[in-house]
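Both backbone and side-chain heavy atoms feed into the values below; hydrogens, waters and symmetry mates do not. Please read all numbers here as calculations on a predicted model, not as lab measurements. Below, chain A is the first sequence line, B the second, and so on; all start at residue 1.
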2 protein chains.
Amino acid sequence: MEQNDLKKAGLKVTLPRVKILEIIESNPDWHMSAEDVYKELLNRGEDIGLATVYRVLTQFEGADILKRHQFEGGKSVFELISKGDHDHLVCIKTGSVEEFHDPIIQERIAAIAEQYDFDLTDYSLVIYGISGAARVKKK
Amino acid sequence: MEQNDLKKAGLKVTLPRVKILEIIESNPDWHMSAEDVYKELLNRGEDIGLATVYRVLTQFEGADILKRHQFEGGKSVFELISKGDHDHLVCIKTGSVEEFHDPIIQERIAAIAEQYDFDLTDYSLVIYGISGAARVKKK
DNA sequence: GTATATGCAAAGGATTTGCAAGCAA
DNA sequence: TTGCTTGCAAATCCTTTGCATATAC
């Protein structure tokens, strides 16, 4: 379980790290901010500081356990990398996030990087719009 | 010239707004942060506060004169909307920015939004990599 | 003249850091 | 033990706001 993931990443297995990883792995929508994780820790009665949450999330990012996203607004949100390759649709009314995967786009991105002589390391694609669900509510 | 753009946008023509627009229109790489604009104002001997720069840039964004981007890192950068439709390649070594336009990707994005029942309002695509230029320097 | 815009300083939110105390190996 | 981790508080970074003054039309 988590213990192994942490060790493999070269991170000592500590209670805060295990708890934080647990929370992220168990979260239904898989996109949490540092604040979200911190609140959930409080809910669970853990005594872990917000600074530690930030530090641990950053370490997890460096260890390729999490990916950081910066959808509009100042906050960063994190999700498990093990969820695999996908991009995001964000509803600007509700903030809800959906995921999609499109090989054609990925192919084009690789081709463009090559064309401009860039060694592709990563890319970020976020589609913003109003979801059907949000439209219905509005009515 | 600028005067008209401002009036058309419903913004009173004030010295700070004109100067800031001038700077952005004359900047060679067309991607400036609030700090960048502020420094350039100082260089030119203008006495305009940083808060005003932020306020004006935000107004310009609302008036569809500028587009705000949030490439990695906390800072926002702005560019003229009149430059038209394009996305960005950002070099993670040098921070340099290049632009590209790819109709195939845009078509796919529209199709995906439709497929997920999203009214597409905007999207953000940034490719990160190491530019040829940066690679040469490293050697 | 009057509403809007500006400058300054203070406030704000998110994230990071310094340091002494605590824990894993 | 011994160094990596944590908690707390203070610091930092970018950005926004309050308010009295200055300015555009």
query = How is the hydrophobic cluster of B:Ile81 composed, in terms of its other members, when Ile, Leu, Val, Met, Phe, Trp and Tyr link through side-chain heavy atoms under 4.5 Å apart, directly or indirectly?
reply = none
ask   = Who else is in B:Ile127's hydrophobic cluster (ILVMFWY, side-chain heavy atoms under 4.5 Å, direct or via others)?
value =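 When side chains under 4.5 Å apart are linked, the cluster holding B:Ile127 also contains A:Leu89, A:Phe100, A:Ile105, A:Ile109, A:Ile112, A:Tyr116, A:Phe118, A:Leu120, A:Tyr123, A:Leu125, A:Ile127, B:Leu89, B:Phe100, B:Ile105, B:Ile109, B:Ile112, B:Tyr116, B:Phe118, B:Leu120, B:Tyr123, B:Leu125.
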Whole-Å distance between [N] [atom2] and [X] [atom1]?
{"X": "B:Leu50", "N": "D:dT16", "atom1": "CG", "atom2": "P", "answer": "10 Å"}
{"X": "A:Leu6", "N": "C:dC23", "atom1": "CG", "atom2": "P", "answer": "18 Å"}
{"X": "A:Met32", "N": "C:dT15", "atom1": "CE", "atom2": "P", "answer": "14 Å"}
{"X": "A:Tyr38", "N": "C:dT16", "atom1": "OH", "atom2": "C1'", "answer": "16 Å"}
{"X": "B:Leu57", "N": "D:dT15", "atom1": "CG", "atom2": "P", "answer": "10 Å"}

request  = Just jot down the salt bridge (charged side-chain N to carboxylate O under 4.0 Å, His left out) partners of A:Asp36, sequence neighbours excluded, or say none.
outcome  = none
request  = Go through residues 42-49 of chain A and report each residue with a non-hydrogen atom lying under 4.0 Å from DNA chain D, sorted by number.
outcome  =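 Only A:Asp47, A:Ile48, A:Gly49 qualify.
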Kindly write out the residues that satisfy side chain to side chain contact (heavy atoms under 4.5 Å, CB included) with [X], not counting sequence neighbours, or none if the list is empty.
{"X": "A:Gln115", "result": "none"}
{"X": "A:Ser82", "result": "A:Leu80"}
{"X": "A:Asn43", "result": "A:Glu40"}

task = Rounded to 10°, tell me the angle between the two end axes of the helix from C:dG1-D:dC25 to C:dA25-D:dT1, each built from five pairs.
result = 30°
task = Give one of base, sugar-phosphate or nothing for B:Arg17, where a contact means two heavy atoms less than 4.0 Å apart.
result = sugar-phosphate
request  = Nearest-nucleotide wise, let me know which of A:Gln70 and B:Val53 is further upstream toward the 5' end of DNA chain C.
outcome  = B:Val53
message = Nearest to the side chain of B:Arg55, heavy atoms from C-beta on, is which of D:dT16, D:dG7, C:dG7?
response = C:dG7
Does the side chain of [X] reach to within under 4.5 Å of the side chain of [Y], using non-hydrogen atoms?
{"X": "A:Ile23", "Y": "A:Arg44", "answer": "yes"}
{"X": "A:Arg135", "Y": "B:Asp117", "answer": "yes"}
{"X": "A:Asp102", "Y": "A:His86", "answer": "no"}

key: Where at least one partner belongs to residues 44-75 of chain A, residue pairs that pass ring pair (Phe, Tyr, Trp, His ring centres under 6.0 Å), sequence neighbours excluded   = A:His69-A:Phe71, A:His69-A:His88, A:Phe71-A:His88
inquiry  = I need the single residue from B:Asp87, B:Asp85, B:Asp122 that forms a salt bridge (Lys or Arg N to Asp or Glu O under 4.0 Å) with B:Lys67. Which is it?
reply    =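 Filter result, single survivor: B:Asp122.
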message = Quick check for you: to the nearest 0.5 Å, what is the distance between A:Arg108 atom CZ and B:Ile104 atom CD1?
response = 4.5 Å
Pairwise 5' ranking along DNA chain D for B:Thr52 and A:Gly10, keeping only the more 5' one =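 Result: A:Gly10.
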Enumerate the protein-to-nucleotides 20-25 of chain D contacts in which both atoms are nitrogen or oxygen and the separation is below 3.5 Å.
unit_1	atom_1	unit_2	atom_2	d
D:dA24	O3'	B:Val13	O	3.4
D:dC25	OP1	B:Val13	N	3.4

inquiry  = Test: side-chain hydrogen bond (donor to acceptor under 3.5 Å, both in side chains). Region: residues 9-21 of chain B. Which pairs qualify, not counting sequence neighbours?
reply    = B:Arg17-B:Gln59
task = Carefully, step by step, assess A:Glu99 and A:Lys83 under the rule salt bridge (charged side-chain N to carboxylate O under 4.0 Å, His left out).
result = CA-CA 10 Å; A:Glu99 299 171 353; A:Lys83 292 200 68 201; 3.0 Å; yes
Report each atom pair, protein N/O against N/O of nucleotides 9-14 of chain D, whose distance is under 3.5 angstrom.
none

